[in-house]
Structure formats: structure tokens, C-alpha cells
Amino acid sequence: MPFKSLHIIEPILRSLKEEGYTKPTPIQEQAIPILLQGKDLLGCAQTGTGKTAAFAIPILQMLSENRPQGGKRKTRALILTPTRELAVQIADSFRAYGKYTGLTNTVIFGGVNQGKQTSSLNRGVDIVIATPGRLLDLMDQGFVSLRDVEMFVLDEADRMLDMGFLNDVKKIISHLPHERQSLFFSATMPPEIVKLAHTILHNPEKVTITPNEPTVDAIKQYVFFVDKAKKKDLLLYVLDDDDIRTALVFTRTKHGADIVVRILTQNNIRAEAIHGNKSQNVRQRALNNFKAQKTRVLVATDIAARGIDVDDLEFVINYEIPNIPETYVHRIGRTGRAGAKGTALSFCDGGELPFLNDIEKLIKKEIPAFNDHPYPMSQEHHEKQPAKNSHGSFHSAKKTAATPGRKKWRGQKRRR
Ligand code: AMP
């Protein structure tokens, strides 16, 4: 189905074409018609599904079709998102898709001087994309009025909850006009989030893009069984491959991320960490270096990684297996975005076997094991470790692969 059949206006179609989008992703196909009818939407979708365009396109279209004449621009759309990285990315998307609409946006986040943000608000702006803390702060100082907001998006609601932003979010919502269109997105729907959604939305239409849909299925996934103490050696071994130009490595903790960066740096691999203890500026710089491929490995914790959108990111490495299975889906969703190629390699130690089990239950498939690496799991865990076939050494796979780095991750079925 082309974008045109979703009744998108010409100026937006033109920019989508320039972005190289040929057809809508499933969430766009479902959400855009609902939103163009003015209905509220409850979207259960992870990043990487094309979620941003699913809300940005209809917002741009509706604001552009119903434009007040004359006077200073009023803030008619508000997008609340948990992290600075996400806010910047969303703003970039609005700018790209709205290039020919004449609508303007500004991005508001903490950790930086407020001067640039307040002067842009003072000039008047159609769309505000903000993280909750700084927005509330600027509202308190009288720089932002939400009186004219017609469309409101709460993005990544579950992360807002995780990051302790729920009260700020509720306060902001209390300043919105009653009469408005609301959009609510969350990758997971724990009870608290469902409750919050009920307070924000009015007769919403629901759109669910589940982890089983093609975005995740298209990602090649392998598990490497290894002892905890040998994970660092395994990481160096895996990265000893020029075909892995960049890789996003996940750890469970901030401390773990710093340790991995130290090990990589000591071994002459350019690496930077991005996590909650780093300032916004440092995080943004690390992300920019990674996008520009100046940094080969970006090591991230889950919360920090939510804002990461890197085109052509092919490799995600789970240095530690997440204990919440949905997190695995979010992590690997950083690669293979919108139909691109993606490979996810997970390092699983004995203590993490139950987490792996939960993940396989959630994604409803067995992740093939890559066995023939030099650091197999030691004897003490062998009973717990599923038996596996072997298909020759990792190195021979590496050498014989016609397209090295792409084909070498040929996993095998595990025998249960
Ligand atoms: P999101 O889920 O919004 O973070 O988007 C994931 C990625 O998909 C972004 O890099 C977008 O630029 C890209 N994208 C969004 N919609 C499309 C589309 N219809 N066709 C191709 N790429 C898309």
C-alpha cells in the first residue's frame, strides 16, 4: 500500500519520498487513518516500528490543514518523551516530514542552558517536543502555555514510569485543554500504564504491533553460551572482525557499561558508554560519535538506549541477558530497523539461562546457539545448558563465509 492511499497531503508525501520511504510500516498503516479522523489512539509498539512517523505525519497534516491566520504561532501539538535523545530524534523527524508544511517545532530538555529553548518559545512555535522535567520548569517560569494544544502525544509511557516521571507527566497533563486529541504509546502495558492511559484517552482506538511481527523476525539472533568471567574475552574475540564496523553493546548496569568500555579501550577498540550517570552533553556526543562511526562500540544500559536510532546499525550485542524479556525485544529492535539488516548476539552465562528461557517464550522461538567459539560454558553449567549441534569452528565459518560478517553467524538448532 503506498502512502498516497492513506490520504496524506502532497507536501508531506514529497518529504517522505525524499526520506526514501516507499510504503508505510504496519503501525503507520494502522495508526495514520485513525489519527486523521481525529480519534484518540492507544499504541502498543516498540521503537523501530516506524512509530514516530505514525504520529508525526498525521499531526503535521492536521495542523497544516487547520492553520490559524496571522499572529504569533501558538503551540498546538505537544509531544512528551522520556529522554533527550528521543526528543531530539522526534524533532528531527518532524523537521524532515514537515519540511514543506511551513510548520515549526522546538525541542525542550534539561541538562543544558535554557536560553535557546526559551527564545524559540518566545518567538512562537507550532510543535513542542519535550522531556517532562524541563517542560514543567519552563511552564512554572511562564515560558510555555499549553492552552492551545490540540494534539498531545505521550511517548514511551512505560519508560516514563521506569524513570520516575509519572508525577511530572500527570502535572503537565492537568494543564492541557480538555478538548484535545491524545495519543499514548508504550512498548509494554503494565497495570499502572493501563490506568494512566485511561485517564488521558477518550474512547481510544488500539493498535498493537507485537514483538512477533516482522521487525524482530527479520533480525538474525544467536546466543553464545559462555562463563561470566570469560565474557570480556568473548567480546574481544567477536569484535576481532572488520565486518563489524559498529556495534551497540548492552549491559544491565551503568557500572558494567563502564567496565566494558575500559576493557575495549585497553584493547584499542574505540568505545564509549551512554548511561544515566553521564551528562546529557556527554551522552549526545557519544551518540553522535557512534553515528559518525568515530566510535566503533557504544556500550549502553537499557534506559539510555531508548533514544538510540542509528541508521544501518547492524550489530547489537547483549553482553548481559536482560532479566525482563521485553527488554530483549527493545534492545534488538535497535537494529534491523524498518526492514534493514540486523544481527543480535547474546552472551549467556549459567545464571542467565532462566532469562534466556523467558525471552524464548516471549518471542515464541528458540534462539540458535553459536557454539564453536573459544570460550564455551564450563562443565559445571553443562547440565543446564541445552545440548547443541556443531557446525565447524567459528573461525572457519568466519573464513569461509562468502560475505564474511554477514553469513558467519550461522547458528545451529539446540537440542532440548
Ligand atoms: P521509529 O520506530 O519511529 O524509531 O522509526 C524507526 C526507523 O524507521 C527510523 O530510522 C525511521 O527513519 C525509519 N522509518 C520510519 N518509517 C519508515 C518507512 N515507512 N519506510 C522506511 N523507513 C521508515
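Put simply, the side chain of Asp158 does not reach to within 4.5 Å of the side chain of Met189, judged on heavy atoms. At a threshold of 4.5 Å between non-hydrogen side-chain atoms, the residues Leu264 and Val260 count as touching. Counting heavy atoms from C-beta outward, Leu166 and Glu192 have side chains that approach closer than 4.5 Å. Between Asp358 and Tyr328, the closest side-chain pair of non-hydrogen atoms is not below 4.5 Å. Counting heavy atoms from C-beta on, the side chains of Arg76 and Asn66 come closer than 4.5 Å. Phe94 has its side chain within reach of Ile59: a pair of non-hydrogen atoms, C-beta onward, lies under 4.5 Å apart. Between Tyr319 and Leu235 the shortest side-chain heavy-atom distance falls below 4.5 Å. The shortest distance between side-chain heavy atoms of Gln30 and Ile27 does not fall below 4.5 Å.
Gln117 contributes atom CD, which lies 6.0 Å from atom CG of Leu138 (distance to the nearest 0.5 angstrom). One finds the CG atom of Leu196 at 6.0 Å from the CG atom of Leu154 (value rounded to the nearest 0.5 Å). Taking OH of Tyr21 as the reference point, atom CG of Leu13 lies at 13.5 Å (rounded to 0.5 Å). Here the straight-line distance linking atom CD of Gln221 with atom CG of Asn318 works out to 9.5 Å at 0.5 Å rounding. Here the CD1-CD1 distance, from Ile127 to Ile90, works out to 12.0 Å after rounding to the nearest 0.5 Å. Taken to the nearest 0.5 Å, the CG atom of Leu78 stands 10.5 Å off from the OG1 atom of Thr81.
Of the charged side-chain nitrogens involved, at least one lies within less than 4.0 Å of a carboxylate oxygen, so that Arg95 and Asp92 count as a salt-bridged pair. Between Glu150 and Arg180 there is no salt bridge, since no side-chain nitrogen of the basic residue lies less than 4.0 Å from a carboxylate oxygen of the acidic one. Ion pairing between a basic and an acidic side chain is recognised when a charged N comes within 4.0 Å of a carboxylate O; Arg252 and Glu352 show such pairing. Salt bridge status for Lys23 with Glu29: absent, with no side-chain N to carboxylate O gap under 4.0 Å.
Counting heavy-atom neighbours within 6.0 Å of Lys195 NZ, excluding the residue itself, gives a total of 12 or less. Heavy-atom contacts from other residues, nucleotides or ligands closer than 6.0 Å to CD of Glu179 number 12 or fewer. A 6.0 Å sphere centred on CG of Asp242 holds no more than 12 heavy atoms belonging to other residues, nucleotides or ligands. Taking a 6.0 Å sphere around CD1 of Ile324, one finds it holds 12 or fewer heavy atoms contributed by other residues, nucleotides or ligands.
At distances below 3.5 Å, not a single donor-acceptor pair connects side-chain atoms of Thr295 with backbone N or O atoms of Leu298. Checking side-chain atoms of Asp349 against main-chain N and O of Gly351 turns up a donor-acceptor pair under 3.5 Å. Formation of a donor-acceptor pair under 3.5 Å by the Arg334 side chain with backbone atoms of Val316 is not found in this model. Looking at Asp40, its side chain does come within 3.5 Å of a backbone N or O of Ser182 through a donor-acceptor pair. Looking at Glu360, its side chain never comes within 3.5 Å of a backbone N or O of Glu366 through a donor-acceptor pair. Using modelled atom types, no side-chain atom of Glu85 and backbone atom of Gln284 make a donor-acceptor pair closer than 3.5 Å. For the pair Ser93 (side chain) and Gln89 (backbone), a donor-acceptor distance under 3.5 Å is present. Without hydrogens or angle criteria, Lys17 side chain to Thr22 main chain gives no donor-acceptor distance under 3.5 Å. The backbone N or O of Lys116 lies less than 3.5 Å from no partner atom in the side chain of Ser120, so there is not a single donor-acceptor pair. Asp155 places no side-chain N or O within donor-acceptor distance of the main-chain N or O of Leu80, the cut-off being under 3.5 Å.
Across every non-hydrogen atom of Gln37 and Lys39, the tightest pair is OE1-NZ, 3.0 Å. Listed here is the closest heavy atom pair of Leu63 and Asp126: CD1-O, 4.3 Å. Residues Leu146 and Pro177 come closest through the heavy atom pair O-CD, 3.1 Å. The minimum heavy-atom distance between Ile108 and Val128, with the atom names listed, is CG1-CG1, 3.8 Å. Closest approach of Ala197 to Leu42, counting heavy atoms only: CB-CD1, 3.9 Å. Here the shortest heavy-atom pairing between Gly110 and Thr131 reads N-OG1, 3.9 Å.
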(request) Show the numbers, then the answer: is there a side chain to side chain contact (heavy atoms under 4.5 Å, CB included) between Phe3 and Gln28? (result) CA-CA 9 Å; Phe3 274 109; Gln28 291 161 6; 3.5 Å; yes

Note to self: Quick one, Asn288 with Lys294, criterion side chain to side chain contact (heavy atoms under 4.5 Å, CB included). Give me CA distance, side-chain angles, the key distance, then yes/no.
What the structure shows: CA-CA 9 Å; Asn288 290 344; Lys294 284 190 208 153; over 6 Å; no

Go through the steps to decide whether Arg84 and Asn281 satisfy the test side-chain hydrogen bond (donor to acceptor under 3.5 Å, both in side chains), and finish with yes or no. CA-CA 10 Å; Arg84 166 188 173 155; Asn281 285 335; 3.2 Å; yes

Checklist entry - Can you check side chain to side chain contact (heavy atoms under 4.5 Å, CB included) on Arg270 and Gln293, steps first, answer last? => result CA-CA 10 Å; Arg270 278 213 59 170; Gln293 300 196 355; over 6 Å; no

| message | Would His275 and Asp258 count as a side chain to side chain contact (heavy atoms under 4.5 Å, CB included) here? Give the steps. | response | CA-CA 9 Å; His275 57 62; Asp258 289 333; 3.1 Å; yes

Give the intermediate values and the outcome of salt bridge (Lys or Arg N to Asp or Glu O under 4.0 Å) for residues Arg283 and Glu272. CA-CA 9 Å; Arg283 277 157 58 176; Glu272 285 185 89; over 6 Å; no

Item to check | side-chain hydrogen bond (donor to acceptor under 3.5 Å, both in side chains) between Gln61 and Tyr97, intermediate numbers included | outcome: CA-CA 10 Å; Gln61 174 147 341; Tyr97 313 144; over 6 Å; no

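In this structure, Phe224 and Phe370 have parallel ring planes: the angle between them is below the 30° cut-off, well short of the 60° mark.
At least one cation-pi condition fails for Arg134 and Phe109: the charged atom is not both under 6.0 angstrom from the six-membered ring centre and inside a 45 degree cone around its axis.
Between the side chains of Thr75 and Asp148, no donor-acceptor pair is found at a separation under 3.5 Å.
Note: Phe55 and Phe185 meet the aromatic proximity criterion, with ring centroids under 6.0 Å apart.
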